[in-house]
Amino acid sequence: MTYDSWLQCSEGCEWRLEVTEVIYRCPECGGLLEVGHDVDALRRRSGAAWMRLFDDRYMRTEYPYGSGVWGKKELVYPGVRNENVVSIHEGGSNLFWAERLGKSIGLDDLWIKQSGNSHSGSFKDLGITVLVSAVRQIISGGGGIKAVVCASTGDTSASLSAYCAAAGIPSVVLLPRDKISPAQLIQPISNGAITLALDTDFDGCMALVEKLVEDRRFYLANSINPLRIEGQKTVSIEIVQQFDWEAPDWVIVPGGNLGNVAAVGLGFLMMRDLDIIKKLPRLVCAQAANANPLYLSYLDGFRSFEPVVAEQTLASAIQIGNPVSARKAVSILKEFDGVVEQATEDELADASARADRTGLFTCPQTGVVLAALLKLVDNRTIGPKDRVILISTANGLKFVDFKVGYHTEQLPGIVSRFGNNPVELPNDIDSVLGAIKAAG
Ligand SMILES: *Cc1c(COP(=O)(O)O)cnc(C)c1O
Ligand SMILES: [Zn+2]
């Protein structure tokens with residue numbers, strides 16, 4: 001059975017184009033695009049049959065179906081030929097019961113989805129694999145793509161450069177100078193991307209990339225490109241699969257450009273359409289208080305949405321003031337009875353360190369999500385028995401400077417309540433014993 005998918009306007013204009021068409025906005029209304037699927041055809045297979053198929057493929061070796069994304073190929077990009085799929089076995093990340101952390105804040109059923117345990121260290125791999133596969137499909141059809149380009153707060157560029165290098169396709173990444181972590185910067189450099197560090201912020205890089213892709217030989221990899229969202233939505237399917245096909249009560253994600261919160265929602269909606277789940281979870285989007293346009297809109301009942309100039313935040317991957325997917329995110333949040341929370345620098349740093357004390361090693365964006373969780377438990381929005389899934393978006397090892405700064409009390413304006421400064425000692429056993437005693 002083959003299924004169909006296509007590009008369409010997310011605002012409802014009546015047209016359809018091939019997924020391989022190089023176009024990012026609706027020619028009629030200027031709105032964002034989305035990928036449409038033939039849901040009627042997909043529904044001809046029962047929910048139970050889909051679950052069986054996905055379980056048969058999950059984490060197995062038959063290429064490319066062992067990938068958490070490509071195991072759901074029919075729901076993602078059915079038309080891509082398998083020889084064009086560029087997969088590094090993305091997805092399949094662990095979902096674990098954060099027992100001690102949960103108990104310490106009064107939750108019995110708190111789970112962390114470790115999306116950062118991935119090839120390039122963030123969830124971005126889920127979407128980039130789909131996008132770069134589409135590029136290979138375009139190139140194999142004779143389309144003259146010179147390079148794939150993106151603006152990035154660090155993780156998109158890391159992922160894009162890895163997948164492009166794996167496929168032998170050139171990539172160009174535009175980064176805000178001194179606003180991403182050294183680990184994130186060295187990734188595209190190592191993978192051979194043309195790496196451009198600019199004297200501006202993410203929003204400035206994005207504006208330049210939009211100019212660059214007026215030349216259609218430069219293919220756009222930012223999440224304005226709906227192919228990314230198609231891959232990212234599989235995280236929801238994978239979470240439900242990991243619970244033997246049961247939907248949780250809450251899912252919390254950090255929000256910057258707001259593509260991911262929209263993607264997470266789409267994954268659940270698709271499962272509901274295919275009779276895989278009956279109920280939808282509630283969604284929470286957590287923003288840094290220094291880059292919080294969605295939070296401000298939420299306070300206003302989503303009546304308006306005003307971009308802000310994002311201030312510096314330790315959660316650098318979500319330091320975005322003018323999120324491209326704002327409209328998609330708002331419509332998803334409305335459908336999921338959604339909540340938006342925010343976290344100050346002090347709150348996110350402490351929440352991150354507190355979680356680390358229970359065995360995690362959290363990135364600052366995950367710190368934002370954790371701080372939001374603490375607030376929602378405190379104000380009883382989230383109940384003690386609710387099953388809560390917290391999506392950790394990047395590997396903490398990408399943000400070692402943040403960790404070192406916290407524990408050595410070097411982060412300006414932050415009181416390191418959970419700091420654990422290393423003790424420097426002379427080389428003798430009495431000093432060692434003394435230090436252990438003093439610490440205990
Ligand atoms: C990209 C990114 C986000 C934000 O995702 P959006 O889709 O831009 O909202 C959050 N955390 C990390 C680690 C990221 O790389
Ligand atoms: Zn339109």
Side-chain angles (χ1 to χ4, degrees), residues 7-17 23-34 36 113-118 120-128 150-160 175 180-181 183-184 187 202-203 206 221-226 228-229 231-233 235 252-266 283 285-288 291-294 310 313-329 332-333 340 343 348 352 362-370 372 390-399 402:
L7 293 179
Q8 63 188 26
C9 171
S10 68
E11 306 288 338
C13 298
E14 295 276 332
W15 56 263
R16 282 181 184 184
L17 283 172
I23 180 175
Y24 315 106
R25 286 203 183 264
C26 173
E28 287 172 29
C29 74
L32 294 189
L33 306 187
E34 63 187 18
K113 177 62 170 165
Q114 294 281 45
S115 299
N117 289 357
S118 182
S120 76
S122 83
F123 78 87
K124 297 292 200 292
D125 293 348
L126 301 175
I128 293 290
C150 75
S152 177
T153 53
D155 289 329
T156 300
S157 47
S159 181
L160 179 66
L175 306 166
I180 71 169
S181 78
Q184 290 170 317
Q187 288 182 282
F202 170 83
D203 296 298
M206 193 62 234
N222 282 96
S223 59
I224 184 176
N225 187 324
R228 294 253 317 265
I229 291 185
Q232 288 170 209
K233 79 185 181 195
V235 74
I252 315 184
V253 282
N257 232 344
L258 305 180
N260 203 34
V261 62
V264 167
L266 281 180
L283 280 186
C285 185
Q287 292 208 294
N292 65 351
L294 184 70
T313 168
L314 293 161
S316 49
I318 53 175
Q319 188 177 327
I320 295 175
N322 188 10
V324 65
S325 294
R327 282 172 70 90
K328 285 186 180 177
I332 284 285
L333 285 165
V340 185
L348 77 88
S352 171
T362 48
C363 78
Q365 296 69 227
T366 305
V368 170
V369 166
L370 285 157
L390 202 149
I391 298 189
S392 174
T393 45
N395 194 311
L397 289 169
K398 285 191 169 204
F399 296 89
F402 159 67

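All figures in this text were calculated on a predicted structure; none of them were measured in a lab. Along the sequence shown, residues are numbered consecutively beginning with 1. Just follow the structure's listing: the first ligand is 1, and inside any ligand the first atom is 1.
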**Q** If we ignore angles and hydrogens, is there a donor and acceptor under 3.5 Å between the side chains of Asn257 and Ser325?
**A** no
**Q** Can you list, pair by pair, the side-chain donor-acceptor contacts under 3.5 Å of residues 25-34, counting residues two or more places apart and other chains?
**A**
residue: Arg25; atom: NH1; partner: Gly30; partner atom: O; Å: 3.2
residue: Glu34; atom: OE2; partner: Gln8; partner atom: NE2; Å: 2.8

**Q** Return all side-chain donor-acceptor pairs below 3.5 angstrom for residues 316-324, not counting sequence neighbours, or 'none' if the list is empty.
**A**
residue: Gln319; atom: OE1; partner: Thr313; partner atom: N; Å: 3.3

**Q** Determine yes or no for a side-chain-to-main-chain donor-acceptor pair under 3.5 angstrom, with Gln365 supplying the side chain and Ser392 the backbone.
**A**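 Such a contact is absent between Gln365 side chain and Ser392 backbone.
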**Q** Please check: side-chain N/O of Lys233 versus main-chain N/O of Ala262, any donor-acceptor pairing under 3.5 Å?
**A** no
**Q** Kindly say whether Leu126 contributes a backbone atom to a donor-acceptor pair with the side chain of Gln232 at under 3.5 angstrom?
**A**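 Between the backbone of Leu126 and the side chain of Gln232 there is no qualifying donor-acceptor contact (under 3.5 Å).
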**Q** Distance-only, no hydrogens or angles: does the Ser352 side chain make a donor-acceptor pair with backbone N or O of Gly367 under 3.5 Å?
**A**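 No, the answer is negative, given that no donor and acceptor are paired below the 3.5 Å cut-off.
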**Q** Around ligand 1, what residues show up once you keep those with a heavy atom under 4.0 Å from it?
**A** Phe123, Lys124, Asp155, Pro254, Gly255, Gly256, Asn257, Leu258, Gly259, Asn260, Ala317, Ile318, Gln365, Thr393, Ala394
**Q** What is the total of protein N/O/S atoms that are closer to the Zn ion (ligand 2) than 2.8 Å?
**A** 4
**Q** Over all heavy atoms of both residues, which pair between Ser115 and Ser118 is shortest? Give the atoms and the distance, please.
**A** O-CB, 3.6 Å
**Q** If you take all heavy atoms of Gly116 and Asn395, which pair is closest and at what distance?
**A**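 Between these two residues, the closest heavy atoms are O-CB, 3.5 Å.
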